[in-house]
S.K.: 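Encoded as structure tokens, here's the structure I'll be asking about.
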Amino acid sequence: MTGNARRRTLAFRFAGLLAVLVLAAGWVLLASRLTQPLKSSTTTRVPPMQVSAASVAPGSATPASADSAGTRPSTLAGLAGWAHRVARVTGVPARALEAYGNGELRIRATRPDCRLSWATLAGLGRIESDHGQYGGAKLGSDGRPTVPIVGTPSPGALGSQGRTHARALGPMQFMPGTWSHWGTGDPQQIDNAALAAARYLCAGGHDLSTAAGWWSAVLSYDDSVEFARKVFTAADRYARATANLGG
């Protein structure tokens with residue numbers, strides 16, 4: 001074999017090897033893309049863009065207290081009347097306030113050391129779904145939005161063929177797996193959702209009357225500091241609006 005022929009043979013072999021390597025790399029890249037979750041936001045949170053984030057360092061303060069007479073729900077029987085009074089000064093739908101008040105009362109009976117306020121639940125509800133009103137929905141008397149509230153796919157939840165399909169559900173935006181642990185019934189129903197949120201926030205021994213406990217609980221719900229600061233803004237605003245409400 002001449003020198004030119006030998007060089008041509010080596011060149012053909014090198015080209016063939018290079019083609020195989022390129023093809024293999026292409027298959028590896030394609031396989032990796034098919035097994036990775038789709039990139040997208042984790043929630044439908046448009047309402048928070050209308051809420052400013054409080055200029056508060058995490059763990060340094062709590063929202064204003066909502067413990068004054070007439071501000072805090074006292075009994076389940078009087079919940080509707082309380083909710084209508086609070087709705088007039090906060091702008092929060094009375095039906096949503098009934099759910100937040102119910103969440104506080106029920107968790108207070110089982111976890112009094114948590115010291116969760118309805119105002120914090122209302123702050124979460126404002127940020128997560130504008131109190132069940134996201135996308136033009138309205139809360140019915142049964143506590144369900146007229147349009148189901150469903151988030152965009154979560155990049156952390158894998159479905160078939162490695163593609164993400166799990167979505168946050170309902171007024172308090174629970175992922176299905178989280179709901180199965182903390183919630184009961186329909187996550188679109190705001191009483192169920194607010195009570196599940198109360199249970200979740202009070203897990204782990206959090207005392208929400210302290211700055212450390214409040215921030216730890218809210219950041220466990222969503223580990224975004226901006227999210228927690230927006231919840232702080234809304235909860236503080238609701239509590240201050242009812243400071244002089246009276247009984």
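Nothing here was measured: the structure is a model prediction, and the numbers come from that model.
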S.K.: Per the side-chain hydrogen bond (donor to acceptor under 3.5 Å, both in side chains) rule, what does the pair list look like for residues 177-186, sequence neighbours excluded?
M.R.: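 side-chain hydrogen bond (donor to acceptor under 3.5 Å, both in side chains) check on residues 177-186 returns Arg144-Asp186.
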S.K.: Would you say Thr233's side chain and Ser52's backbone share a donor-acceptor pair under 3.5 angstrom?
M.R.: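 Pair found, side chain donor or acceptor close to backbone of Ser52.
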S.K.: His206 side chain to Leu201 main-chain N or O, any donor-acceptor pair under 3.5 Å?
M.R.: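 Yes, because the side chain of His206 sits within donor-acceptor range (under 3.5 Å) of the backbone of Leu201.
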S.K.: Okay, side chain of Tyr200, backbone of Ser220: is any donor-acceptor separation there less than 3.5 Å?
M.R.: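 Side chain of Tyr200 to backbone of Ser220: a pair is present.
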S.K.: Hydrophobic clusters here meaning ILVMFWY residues chained together by side-chain heavy-atom distances under 4.5 Å, can you tell me if Trp118 and Ile107 are in one?
M.R.: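 The answer is yes; both residues are in one hydrophobic cluster.
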S.K.: Using the test side-chain hydrogen bond (donor to acceptor under 3.5 Å, both in side chains), find all partners of Asp207 that sit at least two apart in sequence or belong to another chain.
M.R.: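 Asp207: side-chain hydrogen bond (donor to acceptor under 3.5 Å, both in side chains) contacts with Arg115, Ser209.
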S.K.: Kindly determine whether Tyr221 and Phe174 satisfy ring-ring contact (aromatic ring centres under 6.0 Å, His included), including the steps that lead there.
M.R.: CA-CA 9 Å; Tyr221 203 91; Phe174 273 94; 5.8 Å; yes
S.K.: Mind listing the closest non-hydrogen atom pair of Ser65 and Ala239 along with its distance?
M.R.: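 Taking every non-hydrogen atom into account, O-CB, 3.7 Å.
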S.K.: Could you give me the CA-CA distance, side-chain angles and deciding distance for Lys230 and Phe227, then say whether side-chain contact (heavy atoms from CB on, under 4.5 Å) is met?
M.R.: CA-CA 5 Å; Lys230 289 183 176 184; Phe227 169 84; 5.9 Å; no
S.K.: Which atoms form the tightest heavy-atom contact between Gly132 and Pro145, and what is the distance?
M.R.: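 So the two residues come closest at O-CB, 3.7 Å.
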S.K.: Going through the distances and angles, do Val92 and Tyr100 end up as a side-chain contact (heavy atoms from CB on, under 4.5 Å)?
M.R.: CA-CA 11 Å; Val92 178; Tyr100 305 143; 4.1 Å; yes
S.K.: Check whether any side-chain heavy atom of Glu98 sits under 4.5 Å from a side-chain heavy atom of Asn102, and report yes or no.
M.R.: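 They are not in side-chain contact.
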S.K.: Is the closest basic N to carboxylate O distance between Asp191 and Arg106 below 4.0 Å?
M.R.: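 Here Asp191 does not pair with Arg106 in a salt bridge, since their nearest N and O are not under 4.0 Å apart.
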S.K.: Do you know which two heavy atoms are closest between Gly140 and Arg95, and how far apart they sit?
M.R.: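 Shortest heavy-atom contact: O-CG, 3.6 Å.
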S.K.: Using side-chain heavy atoms (C-beta onward) and a distance below 4.5 Å, is Leu105 in contact with Thr75?
M.R.: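 No - every pair of side-chain heavy atoms lies 4.5 Å or more apart.
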S.K.: Give me the atom names and distance for the closest heavy-atom approach of Ala168 to Gln173.
M.R.: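 Residues Ala168 and Gln173, closest heavy atoms: CB-OE1, 3.4 Å.
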S.K.: According to salt bridge (Lys or Arg N to Asp or Glu O under 4.0 Å), who are the partners of Arg229, at least two apart in sequence or on a separate chain?
M.R.: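 Arg229 satisfies salt bridge (Lys or Arg N to Asp or Glu O under 4.0 Å) with no residue once adjacent residues are dropped.
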S.K.: Pairing donors with acceptors under 3.5 angstrom, does anything connect the side chains of Trp214 and Thr120?
M.R.: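 Yes.
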S.K.: Keeping Thr71 on the side-chain end and Ala243 on the backbone end, is there a donor-acceptor pair under 3.5 Å?
M.R.: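 Here the side-chain-to-backbone pair does not exist.
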S.K.: Identify, with sequence neighbours excluded, every residue that meets side-chain hydrogen bond (donor to acceptor under 3.5 Å, both in side chains) alongside Trp215.
M.R.: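 Partners of Trp215 under the side-chain hydrogen bond (donor to acceptor under 3.5 Å, both in side chains) test: none.
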S.K.: Using every non-hydrogen atom in the two residues, find where Gly125 and Met172 come nearest and quote the distance to one decimal.
M.R.: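 Of all heavy-atom pairs spanning Gly125 and Met172, the closest is CA-SD, 3.7 Å.
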S.K.: Take Leu97 and Thr90 through the side-chain contact (heavy atoms from CB on, under 4.5 Å) test and state the conclusion after the steps.
M.R.: CA-CA 10 Å; Leu97 284 165; Thr90 61; 4.0 Å; yes
S.K.: Would Val231 end up clustered with Leu195 when hydrophobic side chains under 4.5 Å apart are linked, directly or stepwise?
M.R.: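 No, separate clusters.
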S.K.: Output yes when a side-chain donor or acceptor of Arg167 lies under 3.5 Å from a complementary backbone atom of Val150, and no otherwise.
M.R.: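 Checked: no pair found.
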S.K.: Would you check if the side chain of Gln133 reaches a backbone N or O of Asp130 as a donor-acceptor pair within less than 3.5 Å?
M.R.: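 Yes: the side chain of Gln133 pairs with the backbone of Asp130.
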S.K.: A side-chain contact here means heavy atoms from C-beta on lying under 4.5 Å apart; do Thr62 and Leu208 qualify?
M.R.: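 Contact flag for Thr62/Leu208 side chains = no.
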S.K.: With hydrophobic residues grouped by side-chain heavy-atom distances under 4.5 Å, do Leu76 and Leu116 end up in a single group?
M.R.: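 Shared cluster, yes.
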S.K.: According to side-chain hydrogen bond (donor to acceptor under 3.5 Å, both in side chains), who are the partners of Gln188, at least two apart in sequence or on a separate chain?
M.R.: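 So Gln188 forms no side-chain hydrogen bond (donor to acceptor under 3.5 Å, both in side chains) with any residue.
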S.K.: So, using side-chain hydrogen bond (donor to acceptor under 3.5 Å, both in side chains) as the criterion, who are the partners of Asn192 when residues are at least two apart?
M.R.: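 For Asn192, no residue satisfies side-chain hydrogen bond (donor to acceptor under 3.5 Å, both in side chains) once neighbours in sequence are set aside.
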